Amino acid sequence: MTSRKPILFRLMAPHIAPAILALVAAAALVPIANLAFPPDHALHVPTGTVVLVGKWLTYALLAVALDLVWGYCGILSLGHGAFFALGGYAMGMHLMREIGPRGVYGHPVLPDFMVFLDWEALPVAWWGFDVFAYAAFMALFVPGALAFVFGWLAFRSRVTGVYLSIITQAGTYALMLAFFRNELGFGGNNGLTDFKDVLGFSLQADTTRAALFALSALALAGGLLLAQAIVTSKFGLVLVAIRDAEARTRFLGWRVERFKLFVFVVSAMMAGLAGALYVPQVGIINPSEFSPANSIEAVIWVAVGGRGTLSGAALGAILVNWLESFLTGAYPEAWLFVLGFLFVVVTLFLPKGILGALRSLRGRRRAADPGKAPEKSPAGATQAAE
Amino acid sequence: MAHLARTSIRLTRSVLVALTLALVLLAAPLVSTPVSAQQASTQDVETILAGFTRGQFPATLAAVDALAASGHPHAAPILQALSDRRLVFETASRRVLWQEGGQTFDALTGEPVAAPGPTTDVRVSNAVRRAVQTAMASLTLRAPNPATRIEAAVSILRARDLSQRAALAEARAEETDPNVQRAFDDTLAGLALVDPDAPEAERLAAVERLTARADAGARALLLSVPADATDAVKAAAAEGIAAIDRRLEIQGHVQNLFFGLSLGSVLLLAAIGLAITFGVMGVINMAHGEMVMIGAYATFVVQELMRAFAPGLLDLSLLVALPLAFATAGLVGIALERLVIRHLYGRPLETLLATWGVSLILQQAVRTLFGPTNREVMNPSFMSGSLELFGIALTWSRVWIIVFALAVFLALLVAMKATSFGLRMRAVVQNRRMAASMGIRTPWVDALTFGLGSGIAGVAGVALSQIDNVSPNLGQSYIIDSFLVVVFGGVGSLWGALVAALSLGVANKLVEPLAGAVLAKIVILVAVILFIQKRPRGLFALKGRAVES
Amino acid sequence: MTSAATAPAPVAPAARTTDALLYLDAVSVSFDGFKALNSLSLVLEPGEMRAIIGPNGAGKTTMMDVITGKTRPDTGTVLLDGVHDLTRLDEAAIAELGIGRKFQKPTVFEMVSVEENIVLALAGPRGVRASLFHRRTPQEARRIEEVLEIVRLGDRRDALAGALSHGQKQWLEIGMLLAQDPTLLLVDEPVAGMTDAETELTADLLRRINVDHTVVVVEHDMSFVRALGVKVSVLHEGSVLAEGSLDQVSAEKRVIEVYLGR
């Protein structure tokens, strides 16, 4: 974890390298398997699967972003879904503009819902979103800016632990209420949908979907590399120090709030990127993406895979979502039970997650171990929250 | 909430109407005998009744007025029957009869008629119905029940029925009840104002009287000062309207304050159990909302059981539900503490996640048991209707919620400060090891404290079942607010929770008229988030080393 | 010591009011009515080692909190080098000015290795960018070796700090202070829970450190204070009751009263 080793060596740590290789391979091979082989061929991957897994990959990127702040810096954000959703909205706005006059009402500029609401002109917030590069920039900038403002206030005032978790949750809840309002100008209840194409490629086309899949895989690989570079630098060491003993870190002269702010903003932008890749694949973004339940579900992905492991977080996201899509198909009643038990079982019996447990089994003592209690008492709860 | 308020207003109104009608019907047969000043002879009444048999509306209308003025002892039931199309006459003999409860009565004598011949209905038009209404009002001006008399005066004023002026003045002269006198005077003043023949002095007095009454009705009357009125009257009326507006504005504020307090009480109820589990024990229980939900479902189950086995006592089902909801939620809480939370003490973030999982399980369990749709818990009679206070209508359900929230708060305060369990609980919280060495069984205290917090959440569920939909998602809608209340008030401070809940409630209702309900909620959320950043330990923060170590 | 952006500007550069390294005057702190510090005054010369003793609740830890910026005093002056107003700075800024603190309970970063603990403490740029792109210089590597050597943890360098014994954690923390290389060291009960042998070694260590650092030691253990053989300040109810050599102060009637009761 120290900066003694050269950067390439640090990035190719044993638990990261296979994940990166697998993702790059998937980005190259899955589109081929989908497009080049006929549907009845043994190696054919159906488009439905490509879209589903592509969606999971964006979730995995969100999980990596969350792991960066929670697993390494101890900031349990229950509002990361908001950054994801904001990135998604930025992309959704571009896709809405790209519909152009092909909407139901055929208005040359205004999206359908604005025509429906009798709006005369495009709201200022929508200006420029017809340019893809601007939308892509905003998908990173808006979550980053929100994270900056929120983090600047919160970390400077030393809001930590569960207090921070609670206000992040309240924050995403407030955003959800706001986005439900038509007056905000982002489609209200229905959100943004009925997209036609992106950069001129039809979103319904198999090639576009395969390309989006490949992009998502590469984005996840990039996110993993960036996060790994951060946590293996001296900066990452300071993050772990903050996680384990924030006050002590401060007495050593580290400006804790700046480190938190930086990693929080990076993480938010990563989540925004994930959201921007998610929207064209699922074809809709609406305010329920801001719902606190979504954010907290992302936390369980990280917990299942193993927090403080990065690749574990990605693995957890994919496993849990695979389980969800299987169960909601086979036993719809059971899914919430299973998800609930997953929360309980993982925190009680698998505090390091799958990857952490595997590492412990292999006797690797260098595993990050955030799940250790100094003292078992309810009063200690507030203490640990400090 | 708005929807609920509307429903309860509608309920209130229909209850009032039904009540008045019942009173009128009860009162009517007794009315005229004692007040016999202008009782007409049997001969006259027969003539009047004959008016109903002509089959022409003008004749019927004349008969209505005459009958009301006649003082005939059965005038009220006859008129009511006419309005309800129950008044008939024997086609052959032209004898007027009214039907009531499957029986037939002679309109002249009031005696039951055993076997009436073939009959013809007396036809009724809207004009006839209106006439009946007014006539009934004048009849009921002398009803024995004061409430009936007041209602009569009010309905005359509402109709601006100048024809009743004389009758009203007469009744006023004989009236002894001061409340009724006031109502009669109000109506007389209102009538004087709109009566084109009234002299200026009378009108000025009327304006003064209405200004003093100061409600929306008086304002409307003052607005309708006829164009022929003198300038003095008009000026006085304008001044009166301004005065009333000021008063109504203040009333609006008071009403908002009341709504705010009522919302604050709801927040307090939802948060108060959390003030124990989170505030005192430091346990982040995300399943707290589900404890509230369990309490609400317990209320529903109790209600259904009582409906099945003791329908007569249905009104008491809330009282029965209180201890049961406390016990059910408390036991679930104790189980949760023993099975999950105690393994996670000192790890607040893990506790948060595990209890979130529990909340999902509880929601799905209730969904599986009771179905995903809303279950209806009815309001008992003492929570229906509204309380009139200084011209402000306060619905009883809101009043009761405020009272109930404060009662729960006080009970909890007493339990914490004045019972031996409370003492042990505080001892364990302050110094676990010391408490243990004094022989306190700390694991039990933990479990029972958590049970207490959860049980109170269950009790809150009983109250919230009265104003919210009882559905598996009930708890979800309160959990964020509850945490904000506890954090805003200062963790560990019961008084903080009280002040925070009430001030958030009032603030919400004060912002609402400016920004609308959703925006108000967002504004309050953001304000609290900013406040917590400014003062992370809340309003009533404990200071010093005890907190930090 | 640090980048210009984070170095706090002296309050009044021209008007140096005292030669003392640390100057506390009339400092008061109260928590909910309880006076933790009551008009406390204390002056520390550069290069001095001072022992602070006093019964529980005398205000020793609160005094440390005030000096390191954890607690803001209600009233009073706290100056470092006669120019830096410590009451206006936060913990990180004060640490960067060169005040290091060792806590009563050993607080090391348990989830990282012994060596990484030293790296975290090592003097050097504290900025976000600097730490992101930081590469260890040969000087830094040498300094890490030195410190590990001094605190006798060279052979445990790759162990998780959480796996150390209690005494080793105390030393690691002292090692971190050394790595931080502060001008003023605040050491809170360094020998609590140590064996006699460890206590003696610790006294040695502190004396070695005092050669080029100013040190404040808060301690309960009288034999340890005696072994240090330095000027002593007795704190009681938030202010200084007596000052002088250990023999002097323990002869004072009021000190005896405070320690033994009336």
Side-chain angles (χ1 to χ4, degrees), chain A residues 70 74 76 78 150 153-154 156-163 165-171 173-175 177-178 180-181 183 247 292-293 296 299-300 303 333-337 339-348 351 370-386, chain B residues 278 280-284 286 339-365 367-368 428-433 442 446 449 476 479-480 483-484 487 491-492 518-519 521-522 525-526 528-530 532-536 547-549:
Chain A
W70 181 37
L76 176 52
L78 296 184
F150 180 87
L153 288 166
R156 201 184 46 137
S157 341
R158 302 192 185 172
V159 180
T160 54
V162 290
Y163 295 89
S165 303
I166 290 168
I167 64 172
T168 51
Q169 189 176 41
Y173 182 61
L175 277 172
L177 292 180
F180 267 124
R181 287 168 60 86
E183 293 87 329
I296 204 164
V299 173
I300 204 64
E333 286 268 296
W335 166 240
L336 276 185
F337 282 124
L339 184 63
F341 276 109
L342 209 53
F343 272 96
V344 178
V345 168
V346 168
T347 45
L348 282 183
K372 190 180 160 240
E375 190 184 350
K376 287 204 167 190
S377 80
T382 31
Q383 172 187 350
E386 290 305 302
Chain B
F278 177 46
V280 178
M281 297 176 78
V283 171
I284 313 299
M286 296 302 273
L339 292 174
V340 178
I341 290 173
R342 80 183 160 106
H343 304 291
L344 297 170
Y345 282 144
R347 293 156 64 188
L349 298 181
E350 277 87 347
T351 314
L352 189 157
L353 295 179
T355 51
W356 178 269
V358 171
S359 86
L360 293 182
I361 295 170
L362 289 176
Q363 278 175 49
Q364 187 59 32
R367 204 171 281 129
T368 310
V428 170
V429 166
Q430 277 171 22
N431 193 332
R432 167 166 303 270
R433 253 175 254 150
T442 56
D446 287 341
T449 309
Q476 287 293 295
I479 187 71
I480 291 180
F483 269 107
L484 285 188
V487 173
V491 173
V518 179
L519 208 55
K521 187 151 179 62
I522 297 170
L525 271 176
V526 172
V528 173
I529 290 173
L530 290 177
I532 291 171
Q533 318 230 351
K534 197 78 200 152
R535 286 189 64 170
V547 181
E548 318 219 340
S549 60

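Numbered from 1 within each chain, the chains take letters A, B, ... in sequence-line order. Worth saying up front: this structure is predicted, and the values here are computed from it rather than measured.
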B/Phe278 and B/Phe483 aromatic ring geometry - parallel, tilted or perpendicular at 30°/60° bounds: perpendicular

Which atoms of B/Leu525 approach chain A - backbone, side chain, both or neither, heavy atom under 4.5 Å: side chain

Side-chain donor or acceptor of B/Thr355 paired with backbone N/O of B/Ile341 under 3.5 Å: no

Segment of A/Ala247 engaging chain B (4.5 angstrom heavy-atom cut-off): neither

B/Ile284 versus chain A, the contacting section by heavy-atom distance below 4.5 Å: side chain

Listed partners of B/Gln363 passing side chain to side chain donor-acceptor pair (under 3.5 Å), at least two apart: B/Glu290

Donor-acceptor pair, side chain of A/Ser165 and main chain of A/Leu76, under 3.5 angstrom: yes

Residue B/Ile480 versus chain A: region with a heavy atom under 4.5 Å: side chain

B/Gln364 side chain vs A/Glu333 backbone, donor-acceptor pair below 3.5 Å: yes

Leading residue by heavy atom contact count with chain B [cutoff under 4.5 Å; candidates A/Ile300, A/Thr168, A/Ile296]: A/Ile296

Heavy-atom side-chain proximity of A/Leu336 to B/Ile361 below 4.5 angstrom: no

Side chain / backbone / both / neither for A/Phe180 at chain B, heavy atoms under 4.5 Å: neither

Part of A/Leu342 within contact of chain B (heavy atom distance under 4.5 Å): neither

